[in-house]
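Everything on this sheet refers to the single structure shown next.
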Amino acid sequence: MSKANRSPEQLTDRLFATERQPEDFRFDAAVARVFPDMIRRSVPGYTTIIPMIEVITEQYAQAGSNCYDLGCSLGASTLAMRHGISFDNCSLIGVDNSAAMIERCEHYIALDDHSLPVRLRCEDIQNTELTDASVTTLNFTLQFIPPEQRSSLLSRISEATLPGGVLILSEKIRFDSGDEQDIQTCLHHEFKRANGYSDLEISQKRSAIEQVLIPETLDAHKQRLTDAGFDRVLVWYQCFNFVSMLAIKAA
Ligand code: GEK
């Protein structure tokens with residue numbers, strides 16, 4: 001695994017620690033400041049998924065191709081991809097529509113010791129240009145796109161993907177069975193408690209995010225990826241209600 005310096009500062013997320021007016025969650029400057037701590041303590045498996053994105057990229061990146069990290073935030077998965085790419089004629093592009101995230105991402109990229117250039121675009125991933133892709137990552141980003149707009153994005157990614165190329169798709173999911181939904185949600189909240197979040201923080205964050213992050217079932221994701229033109233879809237990681245899939249274009 002790479003030895004890059006990826007944690008220049010670690011501020012603790014206390015955004016929901018005191019009582020606040022209900023307001024939809026936004027990826028603004030306050031969130032960007034504490035984001036590494038927030039995502040690590042909120043998303044079970046995140047700290048495993050990031051280094052595995054490097055491993056998957058190493059396996060699937062193709063010489064002369066483009067690699068995309070869509071919804072790159074502060075560039076954790078972008079840097080994992082950078083370290084997994086072994087061709088210096090690959091282009092690596094990170095895209096995020098939060099100016100606060102892109103600004104901080106530039107700083108994290110500059111601190112990393114790898115020589116492959118990274119291009120950052122402050123754009124909506126639904127409009128960003130995609131061509132000749134060997135590896136594309138949507139690491140917990142599709143869940144923030146309105147469900148009715150997800151198919152067209154995945155079709156564009158699939159059309160841009162070269163034979164033998166892949167999409168890594170990580171998502172929070174929901175379950176058809178109410179029973180399983182309750183058990184997995186309870187375990188997720190236990191994970192957050194174990195990471196130091198209070199009940200007030202958990203419930204206020206939940207209310208803020210509920211209209212913004214729309215989870216779907218694993219079957220719905222698999223079907224949509226197949227309909228979009230991917231030939232093989234598999235789950236390579238799951239922890240509670242968080243999964244990561246690999247969608248593969250036949251060589
Ligand atoms: C990581 N992948 O650390 N266009 C561009 N960016 C968007 C859009 C959009 N339409 N909608 C949301 N975003 C990262 C983590 S976070 C996941 C991804 C989370 C961006 C948004 O600004 C945010 O930076 C990111 O998607 C989602 O591996 O916070 O749970």
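The residues of the chain are indexed from 1 along the displayed sequence. Each ligand, and each atom within it, is numbered from 1 in the order the structure gives. Just so it is clear, the structure is predicted and the values come from calculations on it, not from any experiment.
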D69, any N or O under 3.5 Å of ligand 1 N or O: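 Looking only at distances, the answer is no, because the N/O contact criterion of under 3.5 Å is not met.
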Proximity of L74 to ligand 1 by residue part, where a heavy atom lies under 4.0 Å: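 Looking at L74 and ligand 1, no heavy atom falls under 4.0 Å.
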Side chain, backbone, both or neither: V43 near ligand 1, heavy atoms under 4.0 Å: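 Near ligand 1, V43 shows nothing, with every heavy atom at 4.0 Å or more.
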Verdict with supporting geometry, D199 and R193, salt bridge (charged side-chain N to carboxylate O under 4.0 Å, His left out): CA-CA 7 Å; D199 288 345; R193 264 182 220 108; 2.7 Å; yes
Options D96, I102, V212, ranked by nearest heavy atom to atom 20 (C) of ligand 1, top entry: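 Among D96, I102, V212, the closest heavy atom to atom 20 (C) of ligand 1 belongs to D96.
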Heavy-atom check, side chain of F140 versus side chain of L213, under 4.5 Å: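 No, every pair of side-chain atoms sits at 4.5 Å or beyond.
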Does [X] come within less than 4.0 angstrom of ligand 1, counting non-hydrogen atoms of the residue?
X    : result
K172 : no
M38  : no
I53  : no

Whether R156 side chain and T128 backbone form a donor-acceptor pair below 3.5 Å: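 Answer holds: yes.
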Identify, by atom number and element, the atoms of ligand 1 in contact range of [X], meaning under 4.0 Å from any of its heavy atoms.
X    : value
T141 : 18 (C), 26 (O)
S77  : 1 (C), 2 (N), 28 (O)
Y46  : 1 (C), 3 (O), 28 (O)

